[in-house]
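Take a look at the structure set out below.
We use all heavy atoms of the structure for the numbers below, so side chains are in, but hydrogens, waters and symmetry mates are not. All values derive from a computational prediction rather than experimental measurement.
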Amino acid sequence: MTEHQLPPPPPSPPPPPPPAARAASPSTSTDPAWPPLPRGWWRGTRPEATFPVPFTLADGFGLFAWFLLGQLIIALPLTFALYSVGLDPTDTESTAGLVAVLLTQAGVIVTGLGYLRLRGRLTWRLWGPIRPAWSHAGWGVLAGIGGFLGIQVTLGLLLTLLGDTDQPQQELLTAVGSDTLATVLVVLAAVVLAPIGEELFFRGILFQALRRRVGLWPAAVISSAPFGAVHVEVIGTEALPAVLVAVVLLCLGVLPRFPTVLRLLLGALGLAALAFGVALGGWGAVLLPTGLALLGFVLALVFHRTGNLLVPIVAHATFNGIAIGLTLVAQNLELPV
């Protein structure tokens with residue numbers, strides 16, 4: 001009897017690719033750029049009602065740390081390179097010093113975005129849920145003007161009333177008006193690169209990552225307090241440690257997950273640290289970074305309400321542009337700056 005040989009079974013289909021290989025980037029067909037959304041849907045104050053973003057708290061605080069440390073890391077080799085050709089990059093009023101500032105700012109922005117790219121998180125969601133429009137630029141200009149009038153003018157009056165006449169100012173403003181090239185470089189640094197970099201890191205990433213997890217108001221406070229503290233030139237070395245301790249304590253004090261008693265205690269300790277900073281460095285060392293933190297708070301709310309990061313970027317640029325313009329006017333009229 002002849003045995004009939006069975007035919008071989010058909011080859012099995014290849015296994016499907018793993019989920020990570022299907023979508024390495026958040027911007028895929030399941031996440032279209034600026035989809036049509038119901039008006040105002042992202043404006044809830046609860047974390048689950050806000051705009052979903054791929055950024056984690058580690059991304060937000062890590063890029064904040066890079067914003068501080070990266071300027072030193074990038075500036076060091078740049079400083080040695082400029083010194084080797086006979087230039088002094090430490091003089092921020094010189095062309096070499098301003099070029100060093102510009103290159104450092106650009107380096108921090110590019111490396112920060114490169115980090116997001118490597119992590120697969122460089123997505124349109126950085127800009128918010130609403131597509132950019134010309135009206136956003138107009139709202140940004142209005143917010144910048146209002147912020148300057150409401151914050152800087154009030155701070156100037158307060159410091160004058162408190163008798164703090166020796167007020168520190170941002171270092172770049174000292175180069176305004178020294179010559180045409182220096183003024184142009186200051187404008188590029190303060191009106192172009194600084195608003196783009198700071199708004200990307202503090203509002204686009206840190207604020208959005210926090211808002212998703214702790215809600216609108218704590219996210220606005222926690223993302224704006226470090227924004228005020230990074231402007232160390234207006235704080236001064238004497239009061240800097242106390243101000244940094246105050247920032248940490250006040251940020252912890254607004255976290256909703258902590259018991260109310262603990263939050264009140266952290267807030268009281270933070271205010272005590274600020275009072276100690278006043279004793280060490282004067283009113284200006286505390287009120288000026290507080291004003292910048294308040295500006296960051298306003299920009300976070302503006303970003304939240306308008307839905308596009310272009311608004312705080314333009315507002316920030318307008319704020320700095322007004323400061324530069326007033327400095328030029330004061331110099332031409334030979335007024336104290």
Verdict with supporting geometry, Leu159 and Leu288, side chain to side chain contact (heavy atoms under 4.5 Å, CB included) = CA-CA 9 Å; Leu159 291 171; Leu288 289 175; 3.9 Å; yes

Going through the checks in order, is the side chain to side chain contact (heavy atoms under 4.5 Å, CB included) test met by Val191 and Phe319?
-> CA-CA 8 Å; Val191 182; Phe319 187 97; over 6 Å; no

Given Leu250 and Leu266, is the side chain to side chain contact (heavy atoms under 4.5 Å, CB included) satisfied, shown in steps?
-> CA-CA 6 Å; Leu250 293 173; Leu266 291 170; over 6 Å; no

Verify side chain to side chain contact (heavy atoms under 4.5 Å, CB included) between Phe297 and Val221, making sure each step is shown before the conclusion.
-> CA-CA 6 Å; Phe297 182 83; Val221 172; 3.8 Å; yes

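Summarising the geometry, atom CZ belonging to Phe67 is positioned 15.0 Å from atom CZ belonging to Phe61; distances are rounded to the nearest 0.5 Å. Put simply, OG1 on Thr318 and CD1 on Ile145 are 6.5 Å apart, with the number rounded to the nearest 0.5 Å. With values rounded to the nearest 0.5 angstrom, Arg305 atom CZ is found 9.0 Å from Leu216 atom CG. Within the model, atoms CZ of Phe202 and CZ of Phe207 stand 14.0 Å from one another, a figure rounded to the nearest 0.5 Å. Note that the CG atom of Leu155 and the OG1 atom of Thr290 stand 8.0 Å from one another [nearest 0.5 Å]. Distance check: Leu200 CG to Leu116 CG gives 9.0 Å after rounding to the nearest 0.5 Å.
Taking both residues in full, the closest heavy atoms of Ala246 and Gly270 are given as CB-O, 3.4 Å, listed atom of the first, atom of the second, then distance. Across all non-hydrogen atoms, the minimal contact from Arg213 to Arg257 is O-NH2, 4.0 Å. Closest heavy-atom contact between Ile235 and Pro289: CG1-CG, 3.7 Å. Heavy-atom minimum distance, Thr123 versus Pro54: CG2-CG, 3.5 Å. Heavy atoms only, all atoms of each residue included: Ala285 and Ala239 are closest at CB-CB, 3.8 Å. The shortest non-hydrogen separation linking Ala229 to Leu244 is CB-CD2, 4.0 Å.
Between Pro52 and Arg212, the closest side-chain pair of non-hydrogen atoms falls below 4.5 Å. Taking the side chain as every heavy atom from C-beta outward, Leu188 and Leu193 never approach each other to under 4.5 Å. In this structure, Leu309 and His136 have side chains that are not in contact, with every pair of non-hydrogen atoms separated by 4.5 Å or more. Side-chain contact between Arg117 and Leu113: absent, with no pair of heavy atoms (C-beta onward) separated by less than 4.5 Å. Residues Glu199 and Leu299 are in side-chain contact: their nearest non-hydrogen atoms beyond the backbone lie under 4.5 Å apart. Contact annotation: the side chain of Leu57 never approaches that of Leu206 to less than 4.5 Å [non-hydrogen atoms, C-beta and beyond]. By the 4.5 Å heavy-atom criterion applied to side chains, Asp59 and Tyr115 are counted as neighbours. At least one side-chain heavy atom of Phe148 sits less than 4.5 Å from a side-chain heavy atom of Leu326.
Leu68 and Ile196 fall within a single hydrophobic cluster, where Ile, Leu, Val, Met, Phe, Trp and Tyr side chains are chained together by heavy-atom contacts under 4.5 Å. Side-chain heavy atoms closer than 4.5 Å link hydrophobic residues (I, L, V, M, F, W, Y) into clusters, and following such links, possibly through other members, connects Leu210 to Leu63. In this structure, Leu157 is a member of the same hydrophobic cluster as Leu294, with clusters built from ILVMFWY side-chain heavy atoms closer than 4.5 Å. A continuous path of hydrophobic side-chain contacts links Leu274 to Leu295 [ILVMFWY only; heavy atoms under 4.5 Å]. Taken together through direct or relayed side-chain contacts under 4.5 Å among Ile, Leu, Val, Met, Phe, Trp and Tyr, Ile205 and Trp124 form part of one hydrophobic cluster.
Between the side chain of Asn320 and the main chain of Ala190, a donor-acceptor pair closer than 3.5 Å is present. Using modelled atom types, no side-chain atom of Asn308 and backbone atom of Gly128 make a donor-acceptor pair closer than 3.5 Å. Side-chain N or O atoms of Gln105 include none that pairs as donor or acceptor with a backbone N or O of Gln71 at under 3.5 Å. Here the side chain of Thr154 pairs no donor or acceptor atom with the backbone of Ile151 at under 3.5 angstrom.
The cationic group of Arg119 does not satisfy the cation-pi geometry with Phe55, failing either the under 6.0 Å distance to the six-membered ring centre or the 45° limit from the ring axis.
Shown here is Phe276, whose CZ atom has no more than 12 heavy atoms of other residues, nucleotides or ligands within 6.0 Å.
Scanning for side-chain hydrogen bond (donor to acceptor under 3.5 Å, both in side chains) contacts around Glu198 gives His316, with sequence neighbours left out.
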